[in-house]
Amino acid sequence: MSKTITYAQVRDSEEIKTYIAQADASLKAMGFTEHSFAHVGKCAHTASLILQRLGFPARLQELSRIAGYMHDIGNVINRVDHAQSGAMMAFRILDHMGMDPADIAVVVTAIGNHDEHTAFPVNEVAAALILADKTDVRRTRVRGTDMTKFDIHDRVNYAVESSEVTLYPERHEIWLELTIDTKHCAVMEYFEIFLGRMMLCRKAADHLGQRFKLRINGLELI
């Protein structure tokens, strides 16, 4: 019999925690920024907040939290195609937990469509997850403090002193507002790395009936 599985149940699952931790350990070994509990927790919160502020049903908000928390578990297998492998893993886990198939379908669809190489905002939860994931740029995602070893991804993230996603539903706008220390990274370096992600955020916002806007150091750029 199908159950209404909650975000709390997913968050407290030792199995899922193990996959998140090992996936992040693998990415650390390859030199990637943090993809552990801080990242997935922030994605879960931001995705849910977006749908809440836009008036979507509470169950969709909860499913977006679940998708946000589980979206990177596929990295435990390999970084390549991690969205698709993560969706398959999520299907198995949630099915074993007894989640309703309709809810599973929403979650795995969002997870399978979050990576920028294959992503598309195919439903509201997928759109919210894309926005949450691609806007998580912050200094604390950088591992280590030796800036001589930073690549461009490290420099861009390290340069971000503050990052905030703000919704203005009355204006149909979703803003990413960044403060960047240009001693560590020029604004153009941000675009060199993240322009594709920002364009994907624009598609995701459009699916939700919003316009995606970007402001860096007080200047509107998108």
Side-chain angles (χ1 to χ4, degrees), residues 7 10-47 64-94 107-120 125-126 128-161 163 165 176 178 180 184-185 189-198 200-201 204:
Y7 172 60
V10 169
R11 184 195 58 209
D12 294 340
S13 165
E14 291 302 322
E15 178 185 10
I16 297 171
K17 288 179 184 178
T18 299
Y19 298 146
I20 292 171
Q22 182 56 59
D24 183 60
S26 297
L27 293 180
K28 180 180 180 180
M30 291 187 281
F32 284 87
T33 53
E34 180 267 326
H35 284 71
S36 191
F37 298 101
H39 172 61
V40 300
K42 184 175 178 62
C43 286
H45 172 76
T46 302
S64 73
R65 284 195 292 272
I66 293 170
Y69 188 75
M70 299 182 73
H71 79 280
D72 269 340
I73 59 173
N75 285 302
V76 77
I77 297 174
N78 198 289
R79 180 63 177 173
V80 177
D81 296 330
H82 75 280
Q84 287 72 41
S85 54
M88 294 301 296
M89 289 175 67
F91 171 81
R92 175 191 175 278
I93 294 166
L94 297 174
V107 172
V108 300
T109 296
I111 293 173
N113 282 279
H114 86 271
D115 183 64
E116 56 260 32
H117 301 295
T118 55
F120 197 86
V125 172
L129 176 57
I130 287 168
L131 285 160
D133 184 38
K134 306 314 171 194
T135 59
D136 186 18
V137 186
R138 51 189 163 82
R139 178 168 293 182
T140 50
R141 294 195 70 183
V142 179
R143 306 181 197 268
T145 58
D146 186 353
M147 287 183 280
T148 64
K149 297 180 180 178
F150 285 0
D151 64 11
I152 189 171
H153 294 86
D154 293 324
R155 288 200 308 275
V156 169
N157 278 277
Y158 191 82
V160 176
E161 297 179 332
S163 171
V165 176
L176 172 60
L178 302 175
I180 291 179
H184 299 298
C185 164
E189 280 193 298
Y190 177 89
F191 277 102
E192 182 180 344
I193 295 299
F194 292 124
L195 181 59
R197 299 181 191 184
M198 296 300 95
L200 184 56
C201 285

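Predicted, not measured: the structure shown is a model, and the values here were computed from it.
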inquiry  = Is there a side-chain contact (heavy atoms from CB on, under 4.5 Å) between C201 and T135? Walk through the geometry before answering.
reply    = CA-CA 8 Å; C201 285; T135 59; 4.1 Å; yes
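- Among all heavy-atom pairs drawn from I111 and A90, the shortest one is CD1-CB, 3.7 Å.
- Rounded to the nearest 0.5 angstrom, Y19 OH and S13 OG are separated by 8.5 Å.
- Cation-pi contact between R197 and F194: absent, since separation from the ring centre below 6.0 Å together with deviation from the ring axis within 45° is not met.
- No side-chain heavy atom of I180 sits under 4.5 Å from any side-chain heavy atom of E161.
- When every heavy atom of V125 is checked against every heavy atom of A67, the shortest pair comes out as CG1-CB, 4.1 Å.
- By the 4.5 Å heavy-atom criterion applied to side chains, F37 and K17 are counted as neighbours.
- Looking at heavy atoms from C-beta onward, I93 lies in side-chain contact with I16 at the 4.5 angstrom threshold.
- Scanning all heavy atoms of the two residues, the minimum distance from V156 to E189 falls at CG2-O, 3.9 Å.
- A donor-acceptor pair under 3.5 Å is formed between the side chain of D154 and the backbone N or O of D151.
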(message) I'd like to know whether M70 forms a side-chain contact (heavy atoms from CB on, under 4.5 Å) with V40, so could you lay out the CA-CA distance, the side-chain angles of the two residues, the decisive distance to 0.1 Å, and finally the verdict.
(response) CA-CA 7 Å; M70 299 182 73; V40 300; over 6 Å; no
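- Within a 6.0 Å sphere centred on OH of Y7, heavy atoms belonging to other residues, nucleotides or ligands number more than 12.
- Only one option out of R138, R143, H39, K28 pairs with E34 in a side chain to side chain donor-acceptor pair (under 3.5 Å); it is R138.
- Although no hydrogens or angles enter the test, the distance criterion places a donor-acceptor pair under 3.5 Å between the side chain of H35 and the main chain of T33.
- Between L94 and V107 the shortest side-chain heavy-atom distance falls below 4.5 Å.
- Contact record, A204 with I130: CB-CG2, 3.9 Å, taken as the closest heavy-atom pair.
- Under the 4.5 Å side-chain criterion, counting only non-hydrogen atoms from C-beta, M198 is in contact with Y190.
- Donor-acceptor pairing under 3.5 Å is recorded for the side chains of D72 and H82.
- A donor-acceptor contact shorter than 3.5 Å is absent between the side chain of D24 and the backbone of I20.
- With a 6.0 Å cutoff to the six-membered ring centre and a 45° limit on the axis angle, R155 does not count as a cation-pi contact of F150.
- Taking the side chain as every heavy atom from C-beta outward, R65 and H45 never approach each other to under 4.5 Å.
- To the nearest 0.5 Å, the span separating OG1 on T46 from CG on L131 amounts to 9.5 Å.
- In this structure a side-chain-to-backbone donor-acceptor pair under 3.5 Å is missing from D81 to Q84.
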| said: Working note: M89 + I77, criterion side-chain contact (heavy atoms from CB on, under 4.5 Å); need CA distance, chi angles, decisive distance, verdict. | reply: CA-CA 10 Å; M89 289 175 67; I77 297 174; 3.8 Å; yes
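- The side-chain heavy atoms of R139 and N157, taken from C-beta on, include no pair separated by under 4.5 Å.
- Interatomic distance, R79 CZ to S85 OG, rounded to the nearest 0.5 Å: 10.5 Å.
- A47 approaches A132 most closely through the heavy-atom pair N-CB, 3.6 Å.
- Although no hydrogens or angles enter the test, the distance criterion places no donor-acceptor pair under 3.5 Å between the side chain of N113 and the main chain of A126.
- Here the closest heavy-atom approach between residue G68 and residue C43 is recorded as O-CB, 4.1 Å.
- Expressed to the nearest 0.5 Å, how far NE2 of H71 lies from CG of D133 amounts to 3.5 Å.
- Looking at heavy atoms from C-beta onward, L176 lies in side-chain contact with S163 at the 4.5 angstrom threshold.
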